[in-house]
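Data block below; observations after.
Positions are given from 1 along the sequence. Bear in mind the structure is a predicted one, so any value in this text is a computation, not a measurement.
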Amino acid sequence: MGDQATGLLSPWLREKRLKMAGPYLKGRVLDYWCGVGALAPMCKPDAYLGIDVDRTVLEIARRKHPQFNFVSEVSEAETFDTITALAVIEHVPDAVALLRKFKRMLKPKGHIVLTTPHPSVEWLHTLGAKIGLFGREASEEHQQLISYERMQELEANSGLVLEKYKRFLFGGNQLFVLRSP
């Protein structure tokens, strides 16, 4: 998936997602598919762990934020107060499996913070990717855009509770905050 920074508006969109997630960053944070570590400066260095499978973006993240930890693997035995997956869930083939994995890694009273495009703007996202406004590879890698109703199914199937839902960027993006029951 990379860092999705190839589109003209991608950095701006990333900043909007970070701003939405900011109020929910508490305690030890796992930044899932962290990219170049844009979320890291919003956290304490000793309470942040960024994970990504793209070794190139991890190297960039380490150079940009040397006081933070970035890895390509994390043990599910580790626990976190907050797990973020910003613009990620729409890229995974099995969203329930991802949420169950997060639930196992979540400390009691912890939160999972997700952002994802709203399905109603899929046409706009596809068009924007074709003309270079958004990352083309990010658009092509979408597995499923998640609606509020779909998230309700995902939460039920993963044993989580949806605590907060908000649409932003003129309704084109969504914030979901989940917790263990």
Spacing of [atom1] belonging to [X] relative to [atom2] belonging to [Y], to within rounding of 0.5 Å:
X: S180; Y: H111; atom1: OG; atom2: NE2; result: 9.5 Å
X: R14; Y: L86; atom1: CZ; atom2: CG; result: 10.5 Å
X: I112; Y: M105; atom1: CD1; atom2: CE; result: 10.5 Å
X: K16; Y: N173; atom1: NZ; atom2: CG; result: 11.5 Å
X: L145; Y: I89; atom1: CG; atom2: CD1; result: 11.0 Å
X: T84; Y: L39; atom1: OG1; atom2: CG; result: 5.0 Å

A side-chain contact here means heavy atoms from C-beta on lying under 4.5 Å apart; do [X] and [Y] qualify?
X: P117; Y: L169; result: no
X: E78; Y: R28; result: yes
X: V92; Y: W33; result: yes
X: Q174; Y: P119; result: yes

### Task
Hey, could you give me each pair passing side chain to side chain donor-acceptor pair (under 3.5 Å) that has a residue in residues 36-51? Not counting sequence neighbours.
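Passing the test, one end in residues 36-51: D31-Y48.
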
message: Against V113, only a single residue in L178, L175, I83, V29 fulfils side chain to side chain contact (heavy atoms under 4.5 Å, CB included); can you say which?
response: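 The passing option is L175.
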
Problem set entry | For F168, all residues meeting ring pair (Phe, Tyr, Trp, His ring centres under 6.0 Å), sequence neighbours excluded |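 F168 satisfies ring pair (Phe, Tyr, Trp, His ring centres under 6.0 Å) with no residue once adjacent residues are dropped.
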
Margin query: Evaluate R167 against S120 for side-chain contact (heavy atoms from CB on, under 4.5 Å), listing each step before the verdict.
Written below: CA-CA 12 Å; R167 288 179 73 174; S120 67; 3.6 Å; yes

Nearest non-hydrogen partners of G110 and R179, listed with the distance: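 Closest approach of G110 to R179: O-CB, 3.5 Å.
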
- prompt: Looking only at heavy atoms, what is the nearest atom pair of M42 and G22, with distance?
  reply: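 So the two residues come closest at CE-CA, 3.4 Å.
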
Item to complete: Tell me, with the steps shown, if M20 and R17 meet side-chain contact (heavy atoms from CB on, under 4.5 Å).
Response: CA-CA 5 Å; M20 291 303 295; R17 288 191 297 267; 5.8 Å; no

Using side-chain contact (heavy atoms from CB on, under 4.5 Å) as the criterion, list what pairs up with [X], not counting sequence neighbours.
X: P45; result: Q67, F68
X: P181; result: K103, V161
X: K64; result: V36, I60
X: A61; result: F70

Who pairs with [X] by salt bridge (charged side-chain N to carboxylate O under 4.0 Å, His left out), at least two apart in sequence or on another chain?
X: E76; answer: R104
X: K107; answer: D81
X: E59; answer: R62
X: E149; answer: none

Task: Intermediate values then yes/no, side-chain contact (heavy atoms from CB on, under 4.5 Å), M151 and L114 - done: CA-CA 11 Å; M151 183 56 74; L114 309 171; 3.6 Å; yes

List in chain and number order the residues that pass side-chain hydrogen bond (donor to acceptor under 3.5 Å, both in side chains) with Y24, two or more places apart in sequence or in another chain; answer none if no residue qualifies.
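Y24 satisfies side-chain hydrogen bond (donor to acceptor under 3.5 Å, both in side chains) with no other residue.
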
Contacts of type side-chain hydrogen bond (donor to acceptor under 3.5 Å, both in side chains), residue S72, not counting sequence neighbours: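 Applying side-chain hydrogen bond (donor to acceptor under 3.5 Å, both in side chains) to S72 gives R55.
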
[Y] backbone acceptor or donor facing [X] side chain under 3.5 Å:
X: T82; Y: L25; result: no
X: R100; Y: N157; result: yes
X: D52; Y: G35; result: yes

Requested in this report: For the pair F176 and L160, evaluate side-chain contact (heavy atoms from CB on, under 4.5 Å) and give the outcome as yes or no after the intermediate values.
Outcome: CA-CA 12 Å; F176 294 100; L160 293 164; over 6 Å; no

